[in-house]
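For reference, the structure discussed in these notes is given below.
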Amino acid sequence: MSQNVVPHSYFLKENVVALAKELLGKRVVTVIDGERVSGIINETEAYAGVIDKASHAYGNRRTKRTEIMYKQGGHIYVYLCYGIHSLLNIVTNRRDIPHAILIRSIVPDFGLNTMCDRRGILNLKNIANGPGKVAQALGILPQHTGLLLGEKKEHEIIWIEEGISVDDKLIEATPRIGIDYAEEDKHRPWRFVIPASEIHKKIEAHEN
DNA sequence: CTTTAGATCGTCT
DNA sequence: GACGATCTAAAGG
């Protein structure tokens, strides 16, 4: 069932922007609280560390919170935003290069019931289309910071699978969301999106 | 459909 | 002490 797992070494790649784009179409899987759920990634943002004013690690900022970003690629960084929302990031690049990719949206393809329970009943279409919703649907919390992709810890595990192929022409690149403070870096087109409808087509075609 | 306000707390200044 | 890599409900058009 879990063939085509992407090894965490995949996230050692240097180009975080290219990597964020490549993540589209891949599948995130979690087993947390004994519940397995997964979804196809359809929106990401790249955060280019030291040189990127939108990044928590801008200017080589090293604090207790950002320390995880300086580990090798493939680690999980979960940021608590507005005191309420957990945001799921994957650290990339080699040790001491604090790059990260924010997963902003997934199209659920397994464990819909569990996701609905975790989120509270809502429009199925909007169950994981936003960074806070993604983490909540997957059962991810700030305490999961430090997990390495594919490595089980206390019966909890998160990994990435190849998922589905995506047509490059469907990918839209836009400025990142919610980073007005980032001055000249706020316009960089480092957010990548595929319409959820396109993912649905692929998922259905695959099942038939 | 769009706009707006309120929730809520760890982190850094 | 201020402020977020956000979401929702409610109110208005």
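Labels below follow one simple rule: chain letters A, B, ... track the order of the sequence lines, proteins then strands, and each chain is numbered from 1.
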For C:dG1, the nucleotide meeting Watson-Crick or G-U wobble distances (both under 3.5 Å) is B:dC12

Round to the nearest Å and state the distance from A:Lys53 atom NZ to C:dA5 atom P.
15 Å

Rounded to the nearest angstrom, tell me the gap between atom CG in A:Leu87 and atom C1' in C:dC7.
11 Å

Nearest-Å distance for atom pair CD1/P, residues A:Ile179 and C:dT6
10 Å

Heavy atoms only, 4.0 Å cut-off, all strands: where does A:Tyr82 land among base, sugar-phosphate and nothing?
base

Below 4.0 angstrom from OP1 or OP2 of C:dA5, is there any side-chain N or O of A:Tyr181?
yes

Over all strands shown, is A:Arg65 touching base, sugar-phosphate only, or nothing at heavy-atom distances under 4.0 angstrom?
sugar-phosphate

Taken to the nearest whole Å, CD/A:Gln143 to P/B:dC9 is 15 Å

Pick the nucleotide of DNA chain C nearest each of A:Gln136 and A:Ala100; which residue has the one closer to the 5' end?
A:Ala100

Should A:Lys26 and A:Val6 be marked as a side-chain contact (heavy atoms from CB on, under 4.5 Å) after you check the CA-CA gap, both sets of side-chain angles, and the distance that decides it?
CA-CA 9 Å; A:Lys26 290 188 168 37; A:Val6 177; 4.0 Å; yes

Enclosure of A:Arg95 CZ (heavy-atom neighbours >12, cutoff 6.0 Å)
no

Given B:dC12, B:dA7, C:dA5, which nucleotide is nearest the side-chain atoms of A:Thr66?
B:dC12

Using centres under 5.5 Å plus planes under 30 degrees as the test, is A:Tyr47 stacked with C:dA5?
yes

Testing B:dC12, C:dC7, B:dC9 for proximity to the side chain of A:Leu80, the answer is B:dC9

Is there a donor-acceptor contact under 3.5 Å from the side chain of A:Asn4 to the main chain of A:Glu161?
no

Could you go through the side-chain contact (heavy atoms from CB on, under 4.5 Å) check for A:Ile32 and A:His144 one step at a time?
CA-CA 10 Å; A:Ile32 289 171; A:His144 292 110; 3.9 Å; yes

Under 3.5 Å, is there any donor-acceptor pair linking the side chain of A:His85 to the base of C:dA5?
no

In whole angstroms, the gap separating P of C:dC3 from NE2 of A:His56 amounts to 16 Å

A:Leu102 side-chain proximity, nearest of C:dA5, B:dC12, C:dG4
C:dA5

Charged N-O contact under 4.0 Å between A:Glu183 and A:Lys53
yes

Can you see if the side chain of A:Lys64 gets near the phosphate of B:dG10 - specifically, an N or O under 4.0 Å from OP1 or OP2?
no

Cationic N near anionic O, under 4.0 Å, A:Glu22 to A:Lys13
yes

Taking only the side-chain heavy atoms of A:Arg104 (C-beta and beyond), determine which of C:dC7, C:dT6, B:dT8 contains the nearest atom.
C:dT6

Please state how far atom CZ in A:Phe192 lies from atom C1' in C:dA5, giving the value in whole angstrom units.
15 Å

Rounded to the nearest angstrom, tell me the gap between atom CG in A:Asn89 and atom P in C:dA5.
11 Å

Rounded to the nearest Å, what distance is computed from the CE atom of residue A:Met69 to the P atom of nucleotide C:dA5?
11 Å

Phosphate-side-chain proximity, A:Arg191 and C:dA5, N/O vs OP1/OP2 below 4.0 Å
no

